[in-house]
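Scroll down for the structure; my scribbles are underneath it.
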Amino acid sequence: MPQLTVIVPAYNEAAVLDTFHQRLAGVLDQLPLDCNVLYVDDGSADRTWDIIEALTRRDPRAAGLKLSRNFGKEAAMTAGLDEADADAVVVIDADLQDPPELIPALVEQWRAGYDVVYATRSARAGETGLKRFTSAAFYRTMEKLSDTAVPRDTGDFRLLSRRALDALRQLRERQRFMKGLFAWIGYRQTSVRYERDPRHAGQTKWNYWRLTQLAVEGITSFSTAPLRLATWIGISASLLAFAYGVWVLAKALIWGDAVRGYPTLMLVILFLGGIQLLALGVIGEYLGRSYAESKQRPLYFIEERRRGGRG
Ligand code: UDP
Ligand code: MG
């Protein structure tokens, strides 16, 4: 029977874990798969780990992984994905905002041949208008700036096939923007729509500061557009300076040097300013390249290989 591992990052989720596991177990019972659950305790300060331990004693399908401190959800997910050894994995939040009941729909798409099946929310119950607006703005900026299209309104709730999991494991960059990485690996991707429920219990760990950090991380790890900005400002400033310089010089030649020293001074300032911005742009370009190199991403993944008929 194919194996499925459900990875659940949990940070201070003591209030919901029992309910979560009950609902999840109910769903897994129905699946014709060899299922297990891997809880990753991301350095919780409450009783989360005790509850995970109790769950592993009660349910042989449950396993736990405790990180040494709070490393953040992206790292917790990575730890779970590294640990998992199954034909498919599902990543799901512990707070019941991602309904476990959707897992069979994800599995169905996987059985139909998809490698990455992400759950796209069609409603964001319990979220403020501001959060909705900022998240829409973020996805729009990402789409404009980066080559990797991060699917909109998609959390980390998704299913990965074995080969997608193996591909993802090869991305070892330190700044991990998982939503982008999931999209970057390619393969056959599809989505399943669902209504996102409000948090079942406990508090959200995100605040605007953390979300801003995540957004900056997403943009900087999937685009060097901000670095390129210096080049364009440099080029336009140099052109403007050059045009203005020509005018100052022409004026001095035709009407004379009324304020003594002004034309030369102006020309030197404009010239040097333009050169400096251009040089910054050049540095930015090289920095962008060495940044791309330092991520050490694989160059490609092969999806299929076909040999000639006689081979
Ligand atoms: N989480 C985590 N480490 C963190 C923050 C969050 O493992 O540092 C987990 C958390 O326990 C939950 C999931 O990530 O299972 C989503 O967190 P949360 O519900 O706070 O985020 P939101 O749904 O508000 O985006
Ligand atoms: Mg949540």
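Atoms within a ligand are numbered from 1 in the order they appear, just like the ligands themselves. None of these values were measured; they are calculated from a predicted model.
In this structure, Arg163 pairs ionically with Asp115, as a charged nitrogen and a carboxylate oxygen lie closer than 4.0 Å. The pair Glu293-Arg289 does not meet the salt-bridge criterion, since no charged nitrogen lies less than 4.0 angstrom from a carboxylate oxygen. A salt bridge does not link Asp34 to Arg61: none of the charged side-chain nitrogens sits closer than 4.0 Å to a carboxylate oxygen. Contact check on Arg172 versus Asp82 returns a salt bridge, with a Lys/Arg side-chain nitrogen under 4.0 Å from an Asp/Glu carboxylate oxygen.
Ligand-side atoms of ligand 1 in range of Pro9: 7 (O), 9 (C), 10 (C), 11 (O), 12 (C), 15 (O), range being under 4.0 angstrom from any heavy atom. Below 4.0 Å from some heavy atom of Ala94 lie the following atoms of ligand 1, by number and element: 15 (O). For ligand 1, the atoms closer than 4.0 angstrom to any heavy atom of Gln97 are 19 (O), 22 (P), 23 (O). Near Glu13, with a cut-off below 4.0 Å to any heavy atom, the atoms of ligand 1 are 10 (C), 11 (O), 12 (C), 15 (O).
Contacts between Asn70 and ligand 1, counted as non-hydrogen atom pairs separated by less than 4.0 Å, involve the side chain only. Proximity of Lys73 to ligand 1, defined as any heavy-atom pair under 4.0 Å, is shared by backbone and side chain alike. Of the heavy atoms in Asp93, both backbone and side-chain atoms come closer than 4.0 Å to ligand 1.
The side chain to side chain contact (heavy atoms under 4.5 Å, CB included) search around Leu31 returns Leu4, Leu28, Leu33, Cys35, Ile103, Pro104, Val107, not counting sequence neighbours. For Gln109, the side chain to side chain contact (heavy atoms under 4.5 Å, CB included) partners are Tyr114, Val117, Thr190, Val192, not counting sequence neighbours.
Shown here for Ala10 and Thr48, the closest heavy-atom pair between the two residues is CB-CG2, 4.1 Å.
Residue-level check: among N/O/S atoms of Asp95, OD2 sits closest to the Mg ion (ligand 2).
Between Ala76 and ligand 1, not a single N/O pair is under 3.5 Å apart.
Backbone or side-chain N, O or S atoms of Asp98 do not reach the Mg ion (ligand 2) at under 2.8 Å.
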